[in-house]
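First comes the structure, then the notes that go with it.
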Protein chains: 2
Amino acid sequence: MRLVVADCSALYTGRLTAMLPPATRLLVVKADGSVLIHSDGGSYKPLNWMSPPCTLAVREPSEEAAERGVTQVWTVQHAKSDDRLEVELFTVHHESAHDLGIDPGLVKDGVEAHLQELLAEQIALLGDGHTLVRREYPTAIGPVDILARDGSGSTVAVEIKRRGDIDGVEQLTRYLDLLNRDPMLAPVRGVYAAQEIKPQARVLAHDRGIATLLLDYETMRGADDPTTRLF
Amino acid sequence: MRLVVADCSALYTGRLTAMLPPATRLLVVKADGSVLIHSDGGSYKPLNWMSPPCTLAVREPSEEAAERGVTQVWTVQHAKSDDRLEVELFTVHHESAHDLGIDPGLVKDGVEAHLQELLAEQIALLGDGHTLVRREYPTAIGPVDILARDGSGSTVAVEIKRRGDIDGVEQLTRYLDLLNRDPMLAPVRGVYAAQEIKPQARVLAHDRGIATLLLDYETMRGADDPTTRLF
DNA sequence: TGATGGATTTCGACG
DNA sequence: CGTCGAAGTCCATCA
């Protein structure tokens, strides 16, 4: 990995065109040739970048560019598309290279898949007497997150989201349309379960006879068997 | 901005729980206190990070940690939530600090808004005889990207996407349902225009009587007035 | 290898 | 300040 702090300007052309006026920035060149241009603010997203696979070529500035104070020109060309990033470097304030080796990677716990696990374990959150039929119940248009039966034996389809937006309601509606055509299952009720449900999504869901269920991850995690946790 | 290259491990707890085993990585501390942990590969996204507003506290390791070789512990606490990032540093290979100043920011050209402008200018792409009614035609559930009339005077509603996914078809369907209730406009045809249309979206659109139109940005940009371009 | 859907999404616009 | 939709989205999973 190469780190360069320099005054620079940049031009990206590809899926869009984006220009970066001259300023002092951090340039990171990773082992795979990818380049990140970071400012001293914002979030984790660089101002500009090139994703691998790509190649970096460093060359001398043209005479015209040299007169503007440019000392190096970086051309980063994507290997499989016309995406290209051109960086003009003026003063270089810092430069260093480091051997990092390969990274063992990240271990995650607590994403939507985990919410689904927990709700399947704690299916009574849907109401007393509910039993799990199965997770990822397959249909022609994709799997339903959870299929269950309520106390009276009728079918319940559950769509789980971390953030309950309107598109999740659309998705569940499509599943319900399909499931209700199956005489073995019909009538099927819908439940939209999420850690957070947007007002518009709630309104649309209730409008379509779909119940909403707010999931409390901390509580659910607390109630689950701690031996199944990753760490 | 502070740059540190060090052997480190990290633990993030907040919206999820994520663990990073020990390895050599780049740590970036931005002026606003935010922290990025980058490996020497992947994309522009860090392995782990903390977004501003947050505060970084550096402290000595506990006795137990010191015995494991830990030399520093960084605790990055989000200001408004319980999100927290804990980094244990072992050997530090590099450390430097740089004053970057504020960044003038990025200038973009060629996003969805631009596609909409170009299609409005070149409305005949919908077919001979089409005329523009207006862009961002307001409805109760949000603005329709483009409203036009075809050669015979009947109304056409256009939804524009860069990438034509299934949700765009759903969106246009909702608009059409609504617009078709207006006797002044009905019957309204739908056109789904995008630089790329996913097969499922195409099938669903045609199933609902919605036409699809593939947009070629380069050609459209070539046909437009070059003086209106940003650069 | 391409399609699909989630994401610690981030980011910008608008009400 | 929330809400909503786009993004050079990235990314893993699955067919």
Side-chain angles (χ1 to χ4, degrees), chain A residues 10-18 34 37 42-52 54 76 78 80-85 105-106 108-116 136 138 141-143 145 159-163 165-168 170-171 194-201 217, chain B residues 10-18 20 34-37 42-52 54 76 78 80-85 105-106 108-116 136 138 141-143 145 159-163 165-168 171 194-203 217:
Chain A
L11 179 66
Y12 165 79
T13 51
R15 279 160 283 192
L16 57 64
T17 307
S34 59
I37 305 179
S43 68
Y44 69 70
K45 197 175 176 179
L47 293 166
N48 234 325
W49 71 93
M50 183 61 70
S51 310
C54 63
V76 193
H78 195 265
K80 297 186 172 181
S81 71
D82 290 331
D83 289 26
R84 162 198 290 260
L85 179 64
L106 191 68
K108 284 188 190 181
D109 176 38
V111 278
E112 187 190 300
H114 202 173
L115 278 179
Q116 193 192 106
E136 302 288 348
I141 55 170
D145 287 341
E159 174 67 31
I160 300 175
K161 293 276 180 205
R162 232 170 37 75
R163 269 179 43 189
D165 264 315
I166 208 161
D167 56 338
E170 297 290 0
Q171 202 179 329
Q195 281 186 283
E196 177 198 352
I197 296 178
K198 292 292 171 70
Q200 285 212 356
Y217 179 66
Chain B
L11 179 66
Y12 166 78
T13 51
R15 280 160 283 190
L16 56 62
T17 307
L20 216 41
S34 59
V35 175
L36 318 183
I37 305 179
S43 67
Y44 67 69
K45 198 174 175 179
L47 293 167
N48 233 322
W49 71 92
M50 183 60 71
S51 308
C54 61
V76 193
H78 195 266
K80 297 187 174 181
S81 72
D82 289 331
D83 288 27
R84 162 198 288 260
L85 178 64
L106 190 67
K108 284 189 193 180
D109 177 38
V111 281
E112 186 190 299
H114 202 175
L115 277 180
Q116 192 191 107
E136 303 286 348
I141 55 170
D145 286 342
E159 172 67 30
I160 299 175
K161 292 276 180 205
R162 234 171 35 75
R163 269 180 42 188
D165 264 315
I166 208 162
D167 56 339
Q171 202 180 327
Q195 281 186 281
E196 177 200 351
I197 297 178
K198 291 292 170 71
Q200 286 213 355
R202 182 185 299 273
V203 169
Y217 180 65

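Each chain gets a letter, A, B and so on, in the order its sequence line appears, and its residues count up from 1. Nothing here was measured: the structure is a model prediction, and the numbers come from that model.
The shortest distance between side-chain heavy atoms of B:L20 and B:Y12 does not fall below 4.5 Å. Side-chain contact between B:K161 and B:Q171: present, with at least one pair of heavy atoms (C-beta onward) separated by less than 4.5 Å. Side chains of A:D83 and A:M50 form a contact here, defined as non-hydrogen atoms less than 4.5 Å apart. Put simply, the side chain of B:H114 does not reach to within 4.5 Å of the side chain of B:K108, judged on heavy atoms. Using a 4.5 Å heavy-atom cutoff, the side chains of B:D145 and B:E112 are in contact. Between B:Y217 and A:R15 there is no side-chain heavy-atom pair separated by less than 4.5 Å.
To the nearest angstrom, P of C:dT8 lies 13 Å from OH of B:Y44. As a whole-Å value, the separation of A:Q116 CD from C:dG6 P is 11 Å.
Between A:C54 and A:H78, the closest heavy-atom pair is CB-CA, 3.8 Å.
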Base versus backbone protein contacts along nucleotides 1-8 of chain D [heavy-atom cut-off under 4.0 Å; B, S, -]: --SS-SSB

Atom pairs under 3.5 Å, N or O on each side, protein against nucleotides 12-15 of chain D: can you list them with distances?
none

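Rounded to a whole angstrom, the distance from the P atom of D:dC11 to that of C:dC11 is 16 Å. Nucleotides D:dG8 and C:dG5, compared at atom P, are 22 Å apart to the nearest Å.
Residue B:K45 holds its NZ atom at 12.5 Å from CH2 of A:W49, rounded to the nearest 0.5 Å.
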